[in-house]
Amino acid sequence: MSKKISLTRYLVEQQRVDGLIPGQLRLLLEVVARACKRISFEVNKGALGGVLGSAGSENVQGEVQKKLDIIANEVLIEANEWGGHLAAMASEEMEGIYVVPNRYPQGEYLLLFDPLDGSSNIDVNVSIGTIFSVLLKPHDHPGVTTEDFLQPGAKQVAAGYCIYGPQTILALTVGDGVAMFTLDREQGSFVLTDENVRIPEDTKEFSINMSNLRHWDPSIRRYIDECLAGEEGPRGKNFNMRWIASMVADIHRILSRGGVFLYPWDKREPNKPGKLRLLYEANPMGWLIEQAGGAASNGHQRILDVEPTALHQRVSVIMGSKNEVDRVAQYYAEAETAGQ
Ligand code: FBP
């Protein structure tokens with residue numbers, strides 16, 4: 001890329017030249033990016049900033065919160081509450097929605113986020129990230145309710161993540177493909193480093209927590225067994241496996257070079273549809289993947305078409321290279337037909 005294009009300039013062009021995003025959304029995305037920049041600096045401080053380790057509290061899902069989970073959540077709330085672009089926010093780390101206090105101007109957008117995805121990797125210096133999704137507040141009533149957030153992923157108007165790894169990279173879609181911006185720490189700004197990101201339709205790489213193998217349903221076992229069988233098996237090719245245990249890092253790899261990511265339903269908690277959260281993780285990542293030419297399914301339907309019924313709803317996730325995702329969906333369909 002010959003000239004440096006900042007995130008600000010990219011968004012202005014999306015607004016002015018292409019008419020793709022309204023001004024309020026542009027400003028909102030700039031605030032989210034600024035918050036991610038701050039989180040990135042906190043992450044970088046590590047033990048020197050006293051940000052590692054557990055906070056000694058639990059979130060709404062009963063998971064132990066890390067100090068950085070709480071810091072990242074606060075940074076996102078503080079950065080966004082006064083800008084005038086938002087009506088309310090919802091976070092994986094908070095039980096209920098956060099309505100913008102009426103001392104600040106109210107906007108028409110809803111922001112949803114997982115402030116720090118991959119918490120188990122925080123203390124071991126492995127990539128983690130922030131995932132975000134933006135919806136429009138329904139106009140048919142005053143005020144904001146939890147139900148306003150329960151919109152299918154297909155209604156998102158922007159989605160992205162910021163990965164805090166060897167580089168800090170922000171990936172974004174506003175429905176016109178996926179662009180990536182690398183944080184230039186000397187300039188203090190995100191610079192466009194990849195545009196029109198495309199995921200190859202085929203892959204030889206899968207990403208799943210193999211330690212759960214004995215808990216999976218027959219369709220996922222069949223798919224993984226066939227990958228493991230390699231050249232001698234029905235797929236006729238060898239597969240590689242990668243599992244970082246930060247969804248943001250595993251999806252970033254898939255957007256960069258293809259692959260398929262699976263976090264399926266399993267028998268340990270049969271009443272939970274999956275581990276990952278629909279509104280904070282699966283929807284934004286699913287839209288990014290689709291915008292890059294991939295697919296995102298829960299095995300039975302497109303993730304972006306799942307109608308949410310609760311803020312912290314979970315979902316089974318299979319996303320990435322299209323032909324692999326379609327294959328898994330086909331295995332589910334065959335199992336259903338066979339009455340399994
Ligand atoms: P957090 O939001 O608590 O970090 O959980 C999500 C996640 O870390 C994903 O990023 C990752 O894919 C998964 O959990 C790993 O979980 P496990 O190690 O239990 O398989």
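Model, not experiment: these values are computed from the prediction. Every number for a ligand or one of its atoms is a count from 1 in the order of the listing. Just so it is clear, the values below take in all heavy atoms, side chains as well, and ignore hydrogens, waters and symmetry mates.
If you number the atoms of ligand 1 from 1 as listed, the ones under 4.0 Å from a heavy atom of Asp114 come out as 2 (O). Heavy-atom contacts of Met247 reach the following atoms of ligand 1: 9 (C), 10 (O), 11 (C), 12 (O) (cutoff under 4.0 Å). Shown in contact with Ser246 at under 4.0 Å from a heavy atom are these atoms of ligand 1, numbered in order with element: 10 (O). Using a 4.0 Å cut-off to heavy atoms of Glu281, the atoms of ligand 1 that qualify are 2 (O), 6 (C).
Ranking protein heavy atoms by distance to atom 14 (O) of ligand 1, first place goes to Lys275 NZ, 3.2 Å. Nearest protein neighbour of atom 2 (O) of ligand 1, counting heavy atoms only, is Glu92 OE2, 3.0 Å. For atom 17 (P) of ligand 1, the nearest protein heavy atom (residue, atom name, distance) is Tyr263 OH, 3.5 Å. With hydrogens left out, the protein atom closest to atom 7 (C) of ligand 1 is Asp117 OD1, 4.0 Å, a heavy atom. Of all protein heavy atoms, the one lying nearest to atom 5 (O) of ligand 1 is Arg277 NH2, 3.5 Å. For atom 18 (O) of ligand 1, the nearest protein heavy atom (residue, atom name, distance) is Asn209 ND2, 3.9 Å. With hydrogens left out, the protein atom closest to atom 11 (C) of ligand 1 is Ala245 O, 3.5 Å, a heavy atom.
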Inset, instruction - In sequence, state the C-alpha distance, the side-chain angles, and the governing distance for Glu95 and His312, and then conclude on side-chain hydrogen bond (donor to acceptor under 3.5 Å, both in side chains). - result: CA-CA 8 Å; Glu95 184 160 5; His312 298 290; over 6 Å; no
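Here the side chain of Glu74 pairs no donor or acceptor atom with the backbone of Ile71 at under 3.5 angstrom. A donor-acceptor contact shorter than 3.5 Å is absent between the side chain of Ser321 and the backbone of Asn323. Although no hydrogens or angles enter the test, the distance criterion places no donor-acceptor pair under 3.5 Å between the side chain of Asp114 and the main chain of Ile131. Of the possible donor and acceptor atoms, one in the side chain of Thr337 sits under 3.5 Å from a partner among the backbone N and O of Ala333. Of the possible polar contacts, none joining the Arg268 side chain to the Trp265 backbone as a donor-acceptor pair under 3.5 Å is found. A donor-acceptor contact shorter than 3.5 Å links the side chain of Asn121 to the backbone of Ile244.
Close N/O approach between Phe261 and ligand 1 is not found [any backbone or side-chain N/O within under 3.5 Å]. Residue Ser119 has at least one N or O atom closer than 3.5 Å to an N or O atom of ligand 1. The shortest N or O to N or O distance between Ser120 and ligand 1 is not under 3.5 Å.
Of the heavy atoms in Trp243, only side-chain atoms (C-beta onward) come closer than 4.0 Å to ligand 1. Residue contacts with ligand 1 for Asn121 are absent, since no atom lies close enough (heavy atoms, distance under 4.0 Å).
Classified by interplanar angle (parallel below 30°, tilted 30° to 60°, perpendicular above 60°), the ring pair Tyr263/Trp243 is tilted.
When hydrophobic side chains of Ile, Leu, Val, Met, Phe, Trp and Tyr are connected at separations under 4.5 Å, Trp287 ends up clustered with Leu304.
For Tyr109 and His85, the gap between ring centers reaches or exceeds 6.0 Å.
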